Number of protein chains: 2
Amino acid sequence: MKTVYERADIVPLLAETFRELGYEGATLSRITERTGIGKGSLYHFFPGGKEEMAGAVLADIDAWFEQAIYRPLRNDDARQAIAAMWVNVNDYFRAGGRICLVGAFALDDTRARFSSEIADYFIRWIEALSSALMRAGCAETEAQTLAEEGVCGIQGALVLSRALRDGKVFTRSLEALGNRLEAATR
Amino acid sequence: MKTVYERADIVPLLAETFRELGYEGATLSRITERTGIGKGSLYHFFPGGKEEMAGAVLADIDAWFEQAIYRPLRNDDARQAIAAMWVNVNDYFRAGGRICLVGAFALDDTRARFSSEIADYFIRWIEALSSALMRAGCAETEAQTLAEEGVCGIQGALVLSRALRDGKVFTRSLEALGNRLEAATR
DNA sequence: AAACTAATATACCGATCGGTACAGTGGAGA
DNA sequence: TCTCCACTGTACCGATCGGTATATTAGTTT
């Protein structure tokens, strides 16, 4: 018996490894150890090595946010999409038990490798949220400010809940942020 | 001529290196390269190696925050101390050009090495800010919530401004946070 | 069943890892 | 001036790094 993978099966496993160990901390041996996938397979699917693996993970994350968060914010009913965002974000980050890889990469030298992907992720999030806020009745400048504060607050909540090892901090922060945005669209 | 260092001179140089590269990314050779301090000196002052170096950096950071931020928040005039906090924090983090090492360590596996130091840093910050807010007229639960939101917002602003390579995001976020706390103590 | 091929395991590569050992080096006190 | 010792530079250690080469495996095609 031989377990056969596809690229699409591997990326989520890689994602979890990079999340837990960071880019530099995720060595090839630790990756094979945690994912159960040997070097042979890894380099078969990702000839560009570790950098291509991390790039694939970022692309996967981006695709998920695009369809689950950004697109609804841009196209669907504004209030409904914003409400769904808080729920989906709380689920995605496992109530603070999972970090944002994009944010983590931004903090150290790894940013240099994925500069545009990292910037894009946040720019599009803020723009999509801002668009929804405007459709919900906010003025343009206020929408922009609130969107930035919202995304900012999510990242802070992830850092804080990891530091305090307390998922309640994350969920509580999301609630507070949600209430503030809702109050501003009334 | 021989350049002679003291431990106290080295710690800030180490801090900057860990900030830029992260714990795993800061290899001994990169540390000597960036600080100009050879392995011999490094292991003379920090026999425990890399982990002791990072520990000394965290202790140094903690000491700075204790005297420059936490103590004033706990003991001095509340409104004045809170106002000073925003200014000092903006300076310390170089308007978003410098990251919070404690927050960065919290995000990956490095947290396991410095779990209590990381948690302490944030707990004491939140408690000190909460104390100041109560003296400024907040009810206990509201003070606690606002303090958490304030510290949380600072961490988020650091992530976001790094990701977007835009220091204005950081300064702007601090201003917004400051205004919200001030509005709540009126 | 033979040929082909995508996927996998493993041995191996030079470079670098964190850490150790030790021989200087140079300024301060006797 | 001689001794002492905190400090520094460098050579070296075994382990592990990211990456390559290649033989093997197991379906699929013919």
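Just so it is clear, the values below take in all heavy atoms, side chains as well, and ignore hydrogens, waters and symmetry mates. In the text below, chain A, chain B and the rest are named by the order of the sequence lines, each starting its count at 1. What you are looking at is a predicted structure, and each value in this text was computed from that prediction instead of being measured.
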Trainee: Would you please name every residue forming a ring pair (Phe, Tyr, Trp, His ring centres under 6.0 Å) with A:Y5, sequence neighbours left out?
Mentor: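 With neighbours one apart ignored, the set is empty.
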
Trainee: Using a strict heavy-atom distance below 4.0 Å, which residues from residues 6-22 of chain B are in contact with DNA chain D?
Mentor: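 Listed by number, there are none.
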
Trainee: Does A:S115 have any side chain to side chain contact (heavy atoms under 4.5 Å, CB included) partners at least two apart in sequence or in another chain, and if so, which?
Mentor: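 Side chain to side chain contact (heavy atoms under 4.5 Å, CB included) list for A:S115, sorted by chain: B:R165.
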
Trainee: Can you measure A:E52 atom CD to D:dT20 atom P for me and round it to whole angstrom units?
Mentor: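 A:E52 atom CD is separated from D:dT20 atom P by 11 Å.
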
Trainee: Mind checking what makes salt bridge (Lys or Arg N to Asp or Glu O under 4.0 Å) contact with A:E24, not counting sequence neighbours?
Mentor: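 Salt bridge (Lys or Arg N to Asp or Glu O under 4.0 Å) list for A:E24, sorted by chain: empty.
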
Trainee: Nearest whole Å is fine: how far is D:dG9 P from B:I37 CD1?
Mentor: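 Atom-to-atom, B:I37 to D:dG9, this comes out as 9 Å.
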
Trainee: Taking side chain to side chain contact (heavy atoms under 4.5 Å, CB included) as the test, write out the residues that go with B:A136, two or more places apart.
Mentor: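 Listed in chain order: B:A78, B:R79, B:T185.
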
Trainee: Between B:E52 and B:R7, is there a side-chain N and carboxylate O pair less than 4.0 Å apart?
Mentor: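 Between B:R7 and B:E52 there is a salt bridge, with a charged N closer than 4.0 Å to a carboxylate O.
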
Trainee: Under 4.0 Å between a side-chain N/O of A:H44 and OP1 or OP2 of C:dT8, yes or no?
Mentor: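 Indeed not, no polar side-chain atom of A:H44 lies that close.
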
Trainee: Summarise how protein sits on nucleotides 15-21 of chain C as a single string, 5' to 3': B when a protein heavy atom is under 4.0 Å from the base, S for sugar-phosphate-only contact, - for no contact.
Mentor: --SBBB-

Trainee: Can you list everything that forms a side chain to side chain contact (heavy atoms under 4.5 Å, CB included) with B:Y70? Sequence neighbours excluded, please.
Mentor: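 For B:Y70, the residues satisfying side chain to side chain contact (heavy atoms under 4.5 Å, CB included) (neighbours in sequence not counted) are B:F65, B:E66, B:R74, B:Y121, B:R124, B:W125, B:A128.
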
Trainee: Using five pairs at each end of the helix from C:dA1-D:dT30 to C:dA30-D:dT1 to define an axis, what is the angle between those two axes, to 10°?
Mentor: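 One end's axis against the other's: 10°.
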
Trainee: Under the side chain to side chain donor-acceptor pair (under 3.5 Å) rule, collect the residues that match up with A:E20, sequence neighbours excluded.
Mentor: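 A:E20 satisfies side chain to side chain donor-acceptor pair (under 3.5 Å) with A:R34 only.
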
Trainee: Can you name the residues that form a salt bridge (Lys or Arg N to Asp or Glu O under 4.0 Å) with B:R180, not counting sequence neighbours?
Mentor: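 Testing B:R180 for salt bridge (Lys or Arg N to Asp or Glu O under 4.0 Å), a comparison that skips the adjacent residues, returns B:E149.
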
Trainee: Sequence neighbours excluded, which residues qualify as side chain to side chain contact (heavy atoms under 4.5 Å, CB included) partners of A:Q80?
Mentor: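 If we apply the side chain to side chain contact (heavy atoms under 4.5 Å, CB included) test to A:Q80, skipping adjacent residues, the hits are A:D77.
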
Trainee: Kindly list each side-chain donor-acceptor pair under 3.5 angstrom involving residues 85-95 of chain B, sequence neighbours excluded, with atom names and distances?
Mentor:
| unit_1 | atom_1 | unit_2 | atom_2 | d |
| --- | --- | --- | --- | --- |
| B:N88 | ND2 | B:A84 | O | 3.4 |
| B:N90 | OD1 | B:T171 | OG1 | 3.4 |
| B:Y92 | OH | B:R19 | NH2 | 3.3 |

